[in-house]
Every structure is written in structure tokens, then in C-alpha cells.
Number of protein chains: 2
Amino acid sequence: MKIGEVAERSGLPAKTIRYYEDIALVTPKRGGNGYRRFAETDLHKLTFLGRARSLGFSIEDCRNLLALYDDRSRASADVKAIAQGHLARIESKLAELEAMRATLTHLVHECAGDQRSFCPILSDLAAGIEQDAD
Amino acid sequence: MKIGEVAERSGLPAKTIRYYEDIALVTPKRGGNGYRRFAETDLHKLTFLGRARSLGFSIEDCRNLLALYDDRSRASADVKAIAQGHLARIESKLAELEAMRATLTHLVHECAGDQRSFCPILSDLAAGIEQDAD
DNA sequence: CCTTGACCCTCCAGTTACTGGAACCATTAT
DNA sequence: ATAATGGTTCCAGTAACTGGAGGGTCAAGG
């Protein structure tokens with residue numbers, strides 16, 4: 001398969017696939033014309049990568065997951081550890097975003113949003129935020 | 001004030017402050033020795049920036065907010081619009097992360113995480129995820 | 001045989017918001 | 001005089017691509 005077909009079937013842009021080759025996540029062969037030639041296993045790996053990336057795994061996580069995927073003798077615990085680490089990061093990001101949302105929702109709610117210039121959002125950004133939501 | 005004191009009082013690293021000068025968010029004067037000399041208003045702006053950044057506003061958002069902050073005649077609606085746009089982005093990011101968390105929690109829960117090699121996490125990454133949580 | 005168009009190639013630069021480090025100058029304390 | 005501290009600039013790197021320039025390959029049509 002050439003890159004266009006792999007892109008189509010994996011759902012990844014061709015540019016991304018070339019990039020993944022650059023960083024050695026996939027290693028397609030080359031034809032006499034210099035074109036990349038992808039095997040089915042390459043397609044599987046790329047699809048795997050697309051799924052893992054869409055779940056927010058980092059490229060390095062993906063690299064590790066791919067290695068584990070290839071290793072028939074690894075323990076499921078190794079995979080679970082990566083997934084749990086990632087889950088923990090997601091949860092801490094969620095907490096952070098929820099705190100931002102709470103503060104911003106409060107500020108937006110307080111601000112009249114009209115033609116007048118008084119604006120609690122700017123006041124609070126300038127002065128610090130200590131009050132709690134109403 | 002020199003940069004060290006401003007860094008201390010604003011809570012921002014000196015490097016970050018130099019960067020903010022680079023991108024023209026602050027424009028401190030210079031002393032005869034080449035050192036930056038910050039006025040109180042610079043400190044206020046930097047504190048403002050630190051707060052806004054910690055709430056996840058982008059640098060460009062901050063640039064707009066600072067301009068509005070400086071503009072005594074702007075309408076609070078202009079500020080509110082930026083905050084609401086940011087809030088919307090936060091909420092969509094939250095939804096995305098919550099979806100990831102749901103899928104990952106499910107997968108982690110399914111995986112025994114022991115010495116055996118069978119691992120639903122890898123299977124699902126390889127095969128696609130269509131089942132719902134149990 | 002030539003051209004057109006779709007595809008492929010490589011390489012460079014830009015994105016976001018900093019951060020680290022090298023090499024060097026100024027100030028202050030001993 | 002010297003050493004420590006803190007200031008300066010500039011370059012490079014981070015994550016994970018994305019866009020674009022400039023050019024090669026291939027199949028079909030005139």
C-alpha cells in the first residue's frame with residue numbers, strides 16, 4: 001500500500017504518518033521509486049496509534065504500548081500501569097479544568113456584559129480571587 | 001525594581017518576564033547598566049498576566065484582556081465575550097477528557113493487571129472500542 | 001510524444017508558552 | 001582583588017504535528 005491508502009484506512013493524515021516514520025513508530029519499506037510501501041501490520045500499528053492518541057496517550061506512551069503490543073510475553077500489568085498513569089494525569093487535568101470553570105463561571109455570571117465599563121472579571125484578575133461562588 | 005524583585009512579587013520566573021517583554025506584553029524601561037527597570041504598573045500587569053494564565057487564558061487572550069484592562073472606556077461586554085469564549089473551550093475540553101476517562105476507566109477495570117499476557121486494553125486499542133461499560 | 005493531474009518525495013519553518021544553558025557584564029560583599 | 005549574586009543576550013529544545021515550497025512518478029488522454 002502507498003501512503004494515501006494507509007492514510008485513508010487508518011484515518012491519519014499522510015503528513016502524520018510520515019512524521020511517525022520520522023520518529024520511528026512505524027518503519028515502512030521503500031519501493032524502487034522511493035515511495036513508502038506499507039504492509040498490513042503497518043496499517044494495524046497506525047490504526048492502533050490513532051486510537052491511542054485519540055485517548056490522549058502521549059507519543060512516548062504510544063511507543064511503549066506498541067512495544068508491549070508486539071511483545072507476546074509481556075504481562076498485562078505492564079500495560080495497565082501505563083493506562084493507569086495516563087488516567088491519573090487525565091483526572092488531575094480534569095480537576096484543574098473544573099476549578100477554572102468554577103472561577104470563570106462565577107466571574108462571567110458576575111459581569112453585566114453591557115456597555116458600562118465596570119467589569120468584575122478584570123477587577124478580579126487584577127486583584128486576586130478570594131471570594132467564593134454565590 | 002529589577003527583574004528579580006518583580007519575579008518574586010509577581011510569582012513569575014524572571015525568564016518568563018523576559019519572554020513577556022519579548023512578545024511585548026510588558027515594556028519595562030532600561031537603566032544605564034542595561035538592566036530592566038520595572039514600574040509598579042508593570043508589576044500589576046505581570047500579576048494580572050499570572051492570574052489570567054493560571055486560569056488558562058492564552059497569551060493572545062491575555063494581550064486582549066490587558067488592552068481592555070488599560071482601556072477605561074471599553075464595555076464590560078468585550079471582556080465578558082473573551083471570558084465566555086474561553087469558558088466554552090474549557091467546557092469542550094472537559095467533555096473530551098471526561099469521555100477519555102470513561103473509556104480508560106472501563107479498560108483499566110477490565111484488565112487483570114497480572115502476569116498473564118491477555119490484556120483488554122491492548123485488544124481494544126487494536127480493535128476499536130464499541131462496547132459500553134458494564 | 002506530450003501534457004495534465006493526482007499522487008508521492010524531502011526539507012524547512014511555524015505553532016504554544018515557555019525553559020535550560022552558555023557566555024558574558026554589573027554590583028555587592030569580603 | 002576576588003567571589004558570589006544577579007543581571008544581560010542569544011540559541012536551542014520541548015510536543016506533536018501542520019503548512020508550504022520545490023520537485024519527482026505514474027497513468028490516462030489527445
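To find a chain, count down the sequence lines: A is the first, B the second, and so on, and within it residues start at 1. A quick note: this is a predicted structure, and the numbers were derived from the prediction, not measured.
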B/I3 has its side chain closest, among D/dT8, D/dA16, C/dC9, to D/dT8
Does C/dC18 have OP1 or OP2 under 4.0 Å away from a side-chain N or O of B/Y20? yes
Do B/K15 and C/dG20 have a side chain to base donor-acceptor pair shorter than 3.5 Å? yes
side-chain N/O B/R30 vs D/dT9 OP1/OP2, d < 4.0 Å: yes
A/R36 has its side chain closest, among C/dT19, D/dT8, C/dC9, to C/dC9
Test of understanding: clusters of I, L, V, M, F, W, Y form through side-chain heavy atoms closer than 4.5 Å, transitively. Do A/Y35 and A/Y20 belong to the same one? no
Please state how far atom CZ in B/R89 lies from atom P in C/dT16, giving the value in whole angstrom units. 12 Å
Indicate yes or no for a side-chain donor-acceptor contact from B/H86 to the backbone of B/D61 under 3.5 Å, with no hydrogens or angles considered. no
Remember a base hit wins even if backbone is also touched, and classify B/R37 as base, sugar-phosphate or nothing at under 4.0 Å, heavy atoms. nothing
Decide whether B/I23 and B/F38 are clustered together by the hydrophobic rule: side chain heavy atoms of Ile, Leu, Val, Met, Phe, Trp, Tyr closer than 4.5 Å, transitively. yes
Calculate the interatomic distance between B/Y35 atom OH and D/dG7 atom C1'; express it in whole Å. 4 Å
Looking only at side-chain atoms of B/I59, point me to the closest of C/dC18, D/dT18, C/dC9. C/dC18
Specify the separation, in whole Å, of atom CD of B/E60 and atom P of C/dG14. 17 Å
Could you tell me whether B/E98 atom CD has more than 12 heavy atoms of other residues or ligands within 6.0 Å of it? yes
Rounded distance in Å - OH (B/Y19) to C1' (D/dA12): 15 Å
Heavy-atom side-chain contact between B/E60 and B/R63 under 4.5 Å: yes
Exactly one of A/K29, A/K45, A/R37, A/R36 should register a salt bridge (charged side-chain N to carboxylate O under 4.0 Å, His left out) with A/E21. Which one does? A/R36
I want to check one thing: is the phosphate of D/dC26, taken as OP1 and OP2, less than 4.0 Å away from some side-chain N or O of A/N33? yes
Looking at the side chain of B/P13, which of D/dT18, C/dT19, C/dC9 is the nearest nucleotide? C/dT19
Expressed as a whole number of angstroms, how long is the span from B/K2:NZ to D/dT8:C1'? 13 Å
Classify the nucleic acid contact of B/R18 as base, sugar-phosphate or nothing, counting any heavy atom under 4.0 Å across all strands shown. base
Give one of base, sugar-phosphate or nothing for B/R53, where a contact means two heavy atoms less than 4.0 Å apart. sugar-phosphate
Distance in angstrom units between A/L49 CG and D/dC17 C1', rounded: 14 Å
Rounded to the nearest angstrom, tell me the gap between atom CD in A/E21 and atom P in C/dT10. 7 Å
Could you please name the option among D/dT18, C/dA26, D/dA16 that lies closest to any side-chain atom of A/T16? D/dT18
In whole angstroms, the gap separating P of C/dC18 from CD1 of B/I17 amounts to 11 Å
Using a 4.0 Å heavy-atom cut-off across all strands, classify B/F57 as base, sugar-phosphate, or nothing. nothing
